[in-house]
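Heads up, the thing below is written out as structure tokens.
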Amino acid sequence: MKKSSVVDLLLLLLTIAVLATPAFSDLVLSKVERRIDVTSQFARVTKTLKVVNSGSESVSEFTLTFPKFLGDNLAYLSVAQSEGKGKSKRHLVILSVEAANPKGKPDSISFYSVALPKPLNKGDTLTLEVVAAFTNVLQPFPEKISQADIHLVMLQESAQYLSPYAVESQSFSIKLPSARIESYTNLENTKVQGSEIKYGPYKNLPQYSYSPIVVHFESKAAFAVAEKLVREIEVSHWGNVQVTEHYNIVHRGAQLKGEFSRLEFQARPNPRGISAFKHLLARLPPRAHSIYYRDDIGNISTSQMQSDSKKTELLIEPRFPLFGGWKTFFTIGYGLPLSDFLFASEGKRFLDISFGSPMLNLVTEKLIVQVVLPEGSKDISVITPFAVTQSQEIKYSHLDIAGRPVVVLEKNNVVPDHNQNIQVYYKFSNINLLSEPLMLISGFFVLFITCIIYTRADFSISKSSPAYLAKLQWDEVLATLQEVQSIIQKCLATHDKLEASLRDLSRTGDIQICKAARKSTDSLLKDLSKELKPLLAFLQSSPSASQIYLKVEELVAKEKELQEKLMAKHTTVVEGYEKKSSGRDIENRIASQQQKIITLKQEVEDLLEFIDEI
Amino acid sequence: MAALESPPPGTPSAMRHAFGSVLSALILLLIGVLAFSIRLFSVIKYESVIHEFDPYFNYRVTQFLSKNGIYEFWNWFDDRTWYPLGRVIGGTVYPGLTLTAGTIWWVLNSLNIPLSVETVCVFTAPVFSAFASWATYLLTKEVKGSGAGLAAAALLAMVICSIGIRLIFLLVNIMAMTLIGYWMSCTLFSIGVSFSGIFHKCLLIGFQNVSFLSKWLSLQVPSYISRSVAGSYDNEAVAIFALIFTFYLYIKTLNTGSLFYATLNAIAYFYMVCSWGGYTFIINLIPMHVLLCIVTGRYSPRLYIAYAPLVVLGTLLAALVPVVGFNAVLTSEHFASFLVFIIIHVIALVYYIKGILSPKMFKVAVTLVVSIGLVVCFIVVAVLVALVASSPTKGWSGRSLSLLDPTYASKYIPIIASVSEHQPPTWPSYFMDINVLAFLVPAGIVACFSPLSDASSFVVLYIVMSVYFSGVMVRLMLVLAPAACIMSGIALSQAFDVFTASIKYHLSGSSNSKDDAEDKTSTNNASKDDGSAGKTDKGEESAKERSSRKGKKKEREPADKPSVKSKIVKKKALVLPFEASIVALLLLIMLGAFYVIHCVWAAAEAYSAPSIVLTSQSRDGLHVFDDFRESYAWLSHNTDVDDKVASWWDYGYQTTAMANRTVIVDNNTWNNTHIATVGTAMSSPEKAAWEIFNSLDVKYVLVVFGGLIGYPSDDINKFLWMVRIGGGVFPHIKEADYLRDGQYRIDSEATPTMLNCLMYKLSYYRFVETDGKGFDRVRRTEIGKKNFKLTHFDEVFTSHHWMVRIYKLKPQKNRIRGRAKKLKLKTSSSKSAKKNPWI
């Protein structure tokens, strides 16, 4: 890089003499102020040019030139015409700039032509403000340093302004990050003031004058370069703009040579490793929320966030400090309120959002911005303040059917000056918002309906198969069994009544009531046994109930027996009362009966339980 | 028989039945949610990240599968591990988990739900623990169902029990709802679902969930949790579900005799084989149970249906899994099943013949067959023995042998013994993992014996076997967990039956007492007088029941059927005093509550740490130690993609998965010699180690060092295993050289061999400069050799807390004529060829 730029310089010097194309000679720069700021990892040049038309024809085009080694690294260029006089009332009009390729253009110079808003007539003056940013122009020197070394970089420039026009007066200043300057080219009129070097002013320079200078100084800036940055901006009309940024960061400063010692890096009070950077600061829009910071193996816990009403600052620390040549990868993501970024105009909506990375002083070599619009967006158009490569894709996300249109914008060599807003216009109907919830609802509806149909319908393949018939029969048997059970239960309940009447008898001695109870139970039991008959018959006839029938039969028989014993007991007791025999006598008489009753009852209950289990 | 084959008993009414099933479905759903969410502590407390070691390998395999598809996966030869040997992943991995997660990912993505593979992997374990809970519910339901209608009757009793009781239960439920799924289930289920079954299920589910979530709940529960927290993406996560589900289907087949379920059972078994090497537990336990049934005279055609298809289909399917292959018929772990397969056929034949012949003829036939049969059996046994003897390792693999003989591994295979999960568990770990379940299990076993059915005998066998196995290996605590849950569920539901029945009895008694008081007393007196019969108690009870039933009948007629049932239950169940039942119930609920608290605590505190991120609570707040990922990230971004990284095998999986660098050995410890080589290098002096590493093409060496911050599981503490394993293959490494008087130490008393070995040097390089003394916070001592320089290695990276240190091998020196010769002479004379097989 460095070598080639030196060759470029030579070429440049050679060709300058050759160039004296008259086409450019009508204009004269009456005053040129150049300031170059190298406090960060890239060079930011601001120029104020006072242009005078000294020719006879009006001129509508102005040409800017840079040495090729700078022009190749030009990341950003904007030219503005300042109107009005006095510093207080400066109105800037951005002018359009494009790379020019005039005839006989020397290879060592890059040309850019600026279209003036109105032709500059003879004798008129015009003030142009030029801002340009160059990446990769600060060359680390030495190229490899050890952990303990400081980071030195070198800048090449021209002390005189390279221009196709004659310059009447020119001044040039370089703003360095610190006062520690290794060396600089000392020309006439060179002054060093702290961390600033001033060249000039130089008067009456001819066209294409050039005097190379080299400044070698210490830079503490983080040479953080994103080799590739993918920003995905997803618009959800439910109220959120989700931004996800994937960074491939590399430290483009002098490479680390030798060991990395954590001990020295953490040593107090003189840590070694100042050429490494530990932090990156991202300035997110205000009201950013749900911020995360991770890489492909999980969350990175070293980050801090501060937010107020104007901005959200996220200080992130990569997993490890980055020395020269080291790389890392991470992802940050955050949500933004939709209302801050989405607006409506003329029946269209437009998203107005920053193009570049929110990281401060980050140079991006390849930036890809993907704006994901909601499903169903139409008539998409993009307005960018500078040229970018555009394309469209489709992305399938949560439950999409048609997919979401994605506007892909690509740009190489992006510097913070590119952090201007872009506008994405599209049409979108709010009804589309409901499509996914409706889809889910209908999906579940269908599921439930299917379940209902499945459980209600009979899906047996063969309705005449023996297994199927057996099942039907079995169901019938079960139903019958239940009826039998309930009847037996009723019988048992009736028995209880009878017993209760006996108890009443022992208390009150009222034989009549007891007899009445006996009568009512008798009739009840008769009814019940009548009900039982058809059921038993059915069970007997049913082949699948053959085994159960035995049990049921037994149950019914036992119940009958129990019934008889109870009746006998009842009769005995009542007779005893009628004969006014003593309570003890009666009890003695029924004792054996009582015992039988209890065993029978036990057996009946066991049988019931058995049947119940079926 | 017919009765058993019949569908569930008649239900009170359709409405109630429907309500009951909706309720039970809801409860099951809640249990699933509980099971899932208790395992999310790790995501909430830490992050959604894969945990520990093996899960990283599974994650990497899943990534490969999702990227390259199933065919590539089967043929995957992984050249990024076991350099230079490589590893055939497709043929050496149990693919169940990977395929499951891969399928889930694929389904979600084809529905356009863009979840990352990582997310799917992290949440696979919690999802499957919910499935496992449901499977446990099903299993317990089967066991219960066959275990006579006692529990069901109890349920019915609950149904008719007065509103008051129900309210109490509901209150309890509401209070303890989140805590105890099963309590809730008890109350709710009592409304007409088979209470005990659900209760069990719930319990099981709850327990399992808990266990997966946090090992701490109880042995089982916490143990299960330990393996199934979100992020713990290991085979066991799906295997426990597969295990329980296989058992459920087996019991289901046993209860129904349906070939349909038998086929499903074989498929579930296939899934289990795909998922985990622990499938041998199934293929040994089920034959044992079958044998038990045959011996105790419980043979039935259902048993045949349950077993024979499983063996035939299951073995065929198992042989389809590449990692099992012909092992399914060759190794003796599977022989028990074949033996029992033969036996069951013999028995079936006997029963068949018995059915055909008259008793007399049968006797003749028996004598005939027994004499011939003995000969045949003898031959078969001889053939089997010959087969066993001729198969590799006498047919038993090392891990299986260590199951049978707990001391086997430590005696013969240091590499198995060096893994902490292969150690026998300690008593505290039992208490930690299964907690109160440990006390409930015996009660559950007792409950299973009254009455003993095929299914309940299976559960008893299951718990007995799993207790034994868990005693051998900590890891198998996982198998014990579901068994303990089932047992405890049964015990709890029985206890609830008894107490609620008593309470109900007393409550209903008191409600009737106004009108019936006198009657009762009179009857009581009468029956007492009649007491000679000796059945006084029963008479009394039944009398009471009857009266209570009457009272209830008056209140609500439709409930009369259940009331009868309740009566039956009460008659059988012990009726306890009202106060005692209430207190016991409260105590049980408290027990459950404490268990739940324990489980939640264990899930949150003990089992949620992902182990790749450590945290410590200090005065300034939470301090995070993320050194592992820091260094893996450094490796992955700042070294060449084909560089080889040497480290102890523990970190192999993580290095390949997180740093994407080739490693020499990893956690799949299939090649002992290779591991021994790395162990030897770590135990050798710098130069010899450099030679070994250089011959292996290693560029970076990674060591884990906890001395600065006191992280105890670092390489220095594992170092003796490296020496042992290395010395096992390369005899010039002797353990005694590293020990001073049998003690392992790194202070000034340490042996020179120890102080000069590579591991010591890489761990403590420039460590002394941190505090001037070199105080090691793990070993709590000053290190022995403080100031030394590395001659063959360069430090290239050390993480923030020094936990991971990465060194680069210095490039080979230029050859100088005279010196090279000298060196050659030296090496050839002083070192035998054995020392480094790679040169």
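Since the structure is predicted, the reported quantities are computational estimates derived from the model, not experimental observations. A note on names: the letters A, B, ... follow the listed sequences, proteins ahead of strands, and every chain is numbered from 1.
Between B:D627 and B:H801, the side chains place a donor N or O and an acceptor N or O closer than 3.5 Å (distance only, hydrogens not considered). Residues B:S616 and B:H623 have side chains that never bring a donor and an acceptor to within less than 3.5 angstrom of each other. Counted by atom type alone, B:Y765 and B:E795 present zero donor-acceptor pairs between their side chains at under 3.5 Å. Using modelled atom types, one finds a donor on one side chain and an acceptor on the other under 3.5 Å when comparing A:E559 with A:H495.
Neither the backbone nor the side chain of B:Y46 has a heavy atom closer than 4.5 Å to any heavy atom of chain A. Contact of A:E264 with chain B is made through the side chain alone, with heavy-atom distances under 4.5 Å. With a 4.5 angstrom heavy-atom cutoff, B:F793 touches chain A only via backbone atoms. Residue contact with chain A, scored on non-hydrogen atoms closer than 4.5 Å, involves the backbone of B:V796 exclusively.
The pair A:K569-A:E499 meets the salt-bridge criterion, since a charged nitrogen lies less than 4.0 angstrom from a carboxylate oxygen.
The most heavy-atom pairs under 4.5 Å with chain A, out of B:E769, B:H800, B:E118, come from B:H800.
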